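Since the structure is predicted, the reported quantities are computational estimates derived from the model, not experimental observations.
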Amino acid sequence: MMLLTRLRLSFSVLLSLLLVVAPLGAQPKKPAPPKIKLVLGIVIDQFRYDYLTRFEDQFGEGGFKRFLNGGAVFSNAHYPYTPTVTACGHAVFMSGAAPNENGIIANEWWDRETGKRITSVSDPNTKLLGGREATGASPHRFLSSTIGDQLKLITNGQSKVIGISLKDRAAILPAGKKPNGAYWYDLSTGKIVSSTYYFPDLPAWVKQFNQENAADKYFGKKWEKLLPEAAYARSLPDDSPFEKWAYGKTFPHTITGGEDKPGSKFYGQFEATPFANEMLVKLAQAAIENEQLGADDVTDVLTVSFSANDILGHYLGPNSPEAQDITLRTDRMLADFLTFVDKKVGLQNTLIAFTADHGVAPVPEHAQTLGMGGRMEVKEVTDAINNALSKQFGEEKWVLAFPYGNVYLDYAAMERRKVSHETAERVASEAIKRLKGIAECFTRTEILNGQLPRTRVANSVALGFNTERNGDLVAIPKPFWMFGEASPLATTHGSPYSYDTHVPVIFYGAGVKAGMFTTVSSPLDIAPTLAAILKLEPPSNAVGQILGEAIRK
């Protein structure tokens, strides 16, 4: 009996121990990850990575610092192709496809079929909606799908996708092939417009937005410096000779365009001010509210591209006090916008990707004070080609167009003079290379035959070269050199050099693991990484890598 009692007591003790130990050894269940209700793609046009470091001490807490402190920051991200221009950067953003595959080789190019220059989004089969009577625009030349398109494929079209910007190409290309809408600014009327590619008429909420004349409210407003004068000592002085714009030389800038009431001159000046970014935020907020973006469990997409920074930067350069001030104001504006998104959708339910479509070069005259760079007139290049080919083969106007470093030769002239394409390209290339501001020139034949040297610059040209759309030669200026001496612009971008290629790539929010990473990366990696977080098939032509460091396990 005593033995049985002992056995019962031992069993009771063992059972008690098991009950105590088992919960301690069990793995706690991981909390369910937040539902990603909204993918928010943010592009700041002409925003070099170094703006984040140059002005970090002057940022507030809720804008760029929110991203830098709580996001996955890739500080070594460069565009790997040439030319680094707006249309290309926005086409890459949500597709992960380089220009050689997505077909968007520049803002505009020479179309041999029509015999004229065309833009990346112009579409003669559409009409503009909401502004003046004009031809509309669409993504019909874009040869890749985007994150928004991929979401629509797997949700049977339930995901809503909207793109907005001041520029048509910046609104259209990130939104993809079949979004619910793309909206941009008509600088002739100051209205928000779209095209019949998307719908037969503007949605009621956009009409209401236009009735409120958002741009007109800024007529006569003064743009004054956000911070005390001493804060701008790191930038060039107000009276810098490098600025090329009708604002005058010093703050404050009164936004009227020299008109008595809002008109086309005012609307043109307005789009190069921080006030245009403020208007765009109001449009983005209206889109979230009226389209009910992020309001249910089906993931939606909103892409917002802020163009004012680029338009201003072209006229005044990256070292102007205006460039500094618009960066600081963009920081505050971004903080307000993120607060709104948090209230309406919840930042814990929002996956954000932030980048720029390209950087910008210093004003050439400024670079020259340090012994670098210069300007080269487009006519200087075309004259060199025409003279060399005419001298060797006969008098002709051999060059049809020279957009963004691409030379389009006249095939009819080659046929008349019985000159092969390869020979004409070689003679023209040799003539270009003799010019003092030229670093490299590559021919179509070299590119298509895989005869390029194994250099970073040559590889960037190949990635930017679409066989159906590019020209016969690609000319690359030397560092800090700029095509277009007769241009009213102070500076530009488009080169394969770091000041044009180095941009932010930052992920923030749902599914993102925060950290600062020096991984060699590119904006091509944004779409594949978003696809991995969203558990999507990547867009059709994506070639970027998945940035695994950014993904919360």
Side-chain angles (χ1 to χ4, degrees), residues 33-43 66-67 90 93-94 130 139 145-166 170-185 192-194 198-199 202-210 212 214 277-306 333-355 507-512 526-527 530-531 533-536 539:
K35 177 66 180 176
I36 299 176
K37 296 184 176 184
L38 179 66
V39 176
L40 178 58
I42 299 174
V43 180
R66 183 196 294 267
F67 288 164
H90 284 86
F93 180 39
M94 286 287 160
S145 68
T146 62
I147 289 294
D149 295 322
Q150 298 300 120
L151 278 167
K152 281 187 169 288
L153 282 171
I154 68 165
T155 64
N156 193 27
Q158 294 181 77
S159 289
K160 288 167 281 189
V161 180
I162 301 287
I164 66 172
S165 180
L166 295 182
I172 290 168
L173 296 170
K177 298 294 286 186
K178 284 295 178 182
N180 296 74
Y183 307 97
W184 57 95
Y185 173 73
I192 300 302
V193 298
S194 188
Y198 301 100
F199 24 60
L202 285 180
W205 68 268
V206 181
K207 290 182 178 180
Q208 177 61 39
F209 190 90
N210 280 335
E212 295 169 3
N277 283 343
E278 290 180 11
M279 182 190 73
L280 201 68
V281 165
K282 293 174 184 175
L283 181 65
Q285 292 172 342
I288 290 172
E289 289 187 319
N290 290 278
E291 298 285 353
Q292 293 291 292
L293 300 179
D296 56 30
D297 287 339
V298 179
T299 305
D300 299 322
V301 178
L302 174 64
T303 63
V304 186
S305 176
F306 296 98
M333 172 210 67
L334 182 63
D336 291 343
F337 182 43
L338 294 177
T339 297
F340 175 88
V341 173
D342 193 25
K343 180 180 177 182
K344 290 293 181 179
V345 182
L347 288 178
Q348 75 278 8
N349 301 315
T350 304
L351 171 57
I352 300 173
F354 166 57
T355 191
F507 301 90
Y508 181 89
V512 174
I526 293 173
L530 291 177
I533 296 173
L534 294 165
K535 296 180 172 57
L536 289 175

Checklist entry - Under 30°, 30 to 60°, or over 60°: which ring-plane class applies to Y508 and F67, parallel, tilted or perpendicular? => result tilted
Quick one: [atom1] on [X] to [atom2] on [Y], what's the gap to the nearest 0.5 Å?
X    : Y    : atom1 : atom2 : value
I288 : I162 : CD1   : CD1   : 10.5 Å
L173 : F93  : CG    : CZ    : 12.0 Å
Q285 : L293 : CD    : CG    : 12.5 Å
M94  : L151 : CE    : CG    : 10.0 Å
K282 : D336 : NZ    : CG    : 11.0 Å

State, yes or no, whether a side-chain contact exists between [X] and [Y] at a heavy-atom distance under 4.5 Å.
X    : Y    : answer
W184 : L166 : no
L40  : L351 : no
S145 : K177 : no
M279 : F209 : yes
T299 : L38  : no
Y183 : V193 : no
K160 : V301 : no
V341 : I352 : no

[X] and [Y]: which non-hydrogen atoms are nearest, and at how many Å?
X    : Y    : value
A175 : V161 : O-CG1, 3.5 Å
I164 : L280 : CD1-O, 3.8 Å
T339 : R66  : OG1-NH2, 4.4 Å
F337 : L302 : CZ-CD2, 4.4 Å
Y198 : P179 : CE2-CG, 3.5 Å
F199 : N180 : CE2-O, 3.4 Å

Check whether any side-chain N or O of [X] sits under 3.5 Å from a backbone N or O of [Y] as a donor-acceptor pair, and report yes or no.
X    : Y    : answer
S165 : A170 : no
S159 : T155 : no
N210 : I192 : yes

Item to check | Residues V281, F306; criterion side chain to side chain contact (heavy atoms under 4.5 Å, CB included); working and verdict | outcome: CA-CA 9 Å; V281 165; F306 296 98; 3.8 Å; yes
Checklist entry - Step by step, would you call K37 with D297 a side chain to side chain contact (heavy atoms under 4.5 Å, CB included)? => result CA-CA 6 Å; K37 296 184 176 184; D297 287 339; 3.8 Å; yes
Checklist entry - side-chain hydrogen bond (donor to acceptor under 3.5 Å, both in side chains) with E212: which residues, sequence neighbours excluded? => result Q208
Item to check | side chain to side chain contact (heavy atoms under 4.5 Å, CB included) between D342 and Q348, intermediate numbers included | outcome: CA-CA 8 Å; D342 193 25; Q348 75 278 8; 4.0 Å; yes
Next on the checklist: Run T303 and V43 through side chain to side chain contact (heavy atoms under 4.5 Å, CB included) and show every step you take.
Outcome noted: CA-CA 8 Å; T303 63; V43 180; over 6 Å; no
Item to check | Pair W205-E289, side-chain donor/acceptor within less than 3.5 Å | outcome: no
